[in-house]
Protein chains: 2
Amino acid sequence: MNKTFKALAHPVRRQILGLLRSGPMISGDIAGHFDMAWPSLTNHLNVLKDAGLVHSERFGTQIRYRLNAGAAEEAIAAIMALLGKEEKDG
Amino acid sequence: MNKTFKALAHPVRRQILGLLRSGPMISGDIAGHFDMAWPSLTNHLNVLKDAGLVHSERFGTQIRYRLNAGAAEEAIAAIMALLGKEEKDG
DNA sequence: ACTTTAATTAGTTTTTTTGCTAATTAAAGA
DNA sequence: TCTTTAATTAGCAAAAAAACTAATTAAAGT
């Protein structure tokens with residue numbers, strides 16, 4: 001879970017997740033949304049992937065990234081467990 | 001919201017929030033839970049406070065920290081907005 | 001085989017974060 | 001007022017994260 005929270009800590013990475021909410025995107029298109037060198041962006045994508053928040057798949061010369069719903073659920077559960085009210089028993 | 005996510009990125013800070021879930025604690029008692037110099041811990045508390053995740057109040061010579069429920073709710077809402085499924089209209 | 005397009009990895013520098021020790025502040029007690 | 005207790009702020013060193021350029025990989029077209 002540590003990797004997940006670390007991944008969410010950077011604004012660019014959160015913006016990437018925001019973009020991917022509306023569907024998968026290829027690396028170059030994602031990079032086009034940011035004022036940043038492409039390799040820097042690739043690094044952010046790797047951080048997200050390593051945290052399991054996104055998935056990647058190659059299609060010919062291009063690589064498509066998509067949001068991983070499962071990890072998203074887990075992240076939400078974790079943050080709720082951490083910040084939510086303490087349950088008085090069951 | 002950036003400060004909130006930054007604050008959640010460090011394991012010690014998440015553990016502090018975990019401790020505070022069951023009620024307010026004074027600085028020294030929090031520090032006692034960690035294998036770390038007290039000033040380092042104070043710094044983590046400051047990061048949490050700056051993010052609005054905790055509140056502090058002085059009682060005589062000691063300072064009591066408590067979880068800020070409001071900021072917690074906001075953080076949960078933010079992460080759900082970011083990672084949740086895209087709603088098809090209303 | 002060579003070129004082009006898409007993207008990544010490698011290596012380095014800069015910036016940010018973390019954690020330490022020493023010094024300081026604040027309140028309370030003797 | 002001097003001391004003790006509780007905690008912070010200041011200043012610095014070490015570690016981690018972020019961003020850049022250059023080099024490399026991978027697939028596909030000519």
Side-chain angles (χ1 to χ4, degrees), chain A residues 1-20 23-68 71 75 79 82, chain B residues 1-20 23-68 71 75 79 82:
Chain A
M1 198 47 51
N2 192 35
K3 279 182 181 175
T4 307
F5 283 107
K6 281 265 178 68
L8 291 171
H10 197 288
V12 165
R13 288 192 293 262
R14 291 198 303 277
Q15 281 180 254
I16 292 171
L17 294 175
L19 287 174
L20 295 180
M25 286 176 78
I26 64 172
S27 183
D29 285 351
I30 298 171
H33 278 77
F34 298 93
D35 184 23
M36 166 182 281
W38 194 348
S40 307
L41 203 116
T42 294
N43 183 60
H44 286 303
L45 287 169
N46 282 338
V47 172
L48 289 169
K49 206 162 68 169
D50 200 39
L53 286 166
V54 304
H55 244 189
S56 73
E57 193 177 0
R58 180 180 278 276
F59 286 87
T61 80
Q62 48 198 27
I63 295 177
R64 177 182 297 172
Y65 287 85
R66 66 176 168 76
L67 203 57
N68 180 2
I79 203 171
L82 199 64
Chain B
M1 196 48 49
N2 191 35
K3 279 182 182 176
T4 307
F5 282 108
K6 281 263 179 71
L8 291 171
H10 197 286
V12 165
R13 289 193 292 262
R14 291 196 304 275
Q15 281 180 253
I16 292 171
L17 294 175
L19 287 172
L20 295 180
M25 288 176 78
I26 62 171
S27 182
D29 286 351
I30 299 171
H33 277 78
F34 297 93
D35 184 23
M36 169 181 278
W38 195 349
S40 305
L41 203 114
T42 294
N43 182 58
H44 285 302
L45 287 170
N46 282 337
V47 172
L48 289 169
K49 206 162 68 168
D50 199 39
L53 286 166
V54 305
H55 242 193
S56 73
E57 193 177 0
R58 179 180 280 274
F59 286 88
T61 79
Q62 49 198 25
I63 295 176
R64 176 182 296 170
Y65 287 84
R66 66 175 167 76
L67 203 57
N68 180 1
I79 202 172
L82 199 64

Point to revise | From NE2 (A/H33) to CD (A/Q15), nearest 0.5 Å | key: 9.5 Å
Measure from the side chain of [X], starting at C-beta and using heavy atoms only, and say which of [options] lies closest.
{"X": "B/Q62", "options": "C/dT9, D/dA6, C/dT21", "answer": "D/dA6"}
{"X": "B/W38", "options": "D/dA7, D/dA27, C/dC20", "answer": "D/dA7"}
{"X": "A/P39", "options": "D/dT9, D/dA27, C/dT9", "answer": "C/dT9"}

Which part of the nucleic acid, if any, lies within contact of [X], taking any heavy atom under 4.0 Å across all strands shown: a base, the sugar-phosphate backbone alone, or nothing?
{"X": "A/Y65", "result": "sugar-phosphate"}
{"X": "A/R13", "result": "sugar-phosphate"}
{"X": "B/S27", "result": "sugar-phosphate"}

Exercise for review: Nearest-nucleotide wise, let me know which of A/K6 and A/L41 is further upstream toward the 5' end of DNA chain C.
Suggested key: A/L41
Practice item. Find which nucleotide of DNA chain D each of A/N43 and A/R58 is nearest to by heavy atoms, and output the residue with the more 5' nucleotide. Key: A/N43
Review point. Where each residue is assigned the nucleotide of DNA chain D containing its nearest heavy atom, which of B/R64 and A/A9 is assigned the position nearer the 5′ end?
Key: B/R64
Rounded to the Å, how far apart are [X] [atom1] and [N] [atom2]?
{"X": "B/K3", "N": "C/dT17", "atom1": "NZ", "atom2": "P", "answer": "11 Å"}
{"X": "A/D50", "N": "D/dA17", "atom1": "CG", "atom2": "P", "answer": "11 Å"}
{"X": "B/I16", "N": "C/dG19", "atom1": "CD1", "atom2": "C1'", "answer": "13 Å"}
{"X": "A/I26", "N": "C/dT8", "atom1": "CD1", "atom2": "C1'", "answer": "14 Å"}
{"X": "A/F5", "N": "C/dT17", "atom1": "CZ", "atom2": "P", "answer": "18 Å"}
{"X": "B/M36", "N": "C/dT17", "atom1": "CE", "atom2": "P", "answer": "16 Å"}
{"X": "A/N46", "N": "C/dT8", "atom1": "CG", "atom2": "P", "answer": "7 Å"}
{"X": "B/I63", "N": "D/dT5", "atom1": "CD1", "atom2": "P", "answer": "18 Å"}

Check your understanding: Are any side-chain N or O atoms of B/R13 and backbone N or O atoms of B/L8, one a donor and one an acceptor, separated by less than 3.5 Å?
Key -> no
Would you say a side-chain N or O of [X] is under 4.0 Å from OP1 or OP2 of [N]?
{"X": "A/H44", "N": "D/dA17", "value": "no"}
{"X": "A/H10", "N": "D/dA16", "value": "no"}
{"X": "A/T61", "N": "C/dA7", "value": "no"}

Practice item. Test B/S56 against every option in B/N46, B/I63, B/I26 by the side-chain contact (heavy atoms from CB on, under 4.5 Å) rule and name the one that passes. Key: B/I63
Review point. Do B/V47 and B/K6 have side chains that get closer than 4.5 Å, going by heavy atoms?
Key: no
Check your understanding: Where is the tightest heavy-atom contact between A/A9 and B/F5, given as atom of each residue plus distance?
Key -> CB-O, 4.0 Å
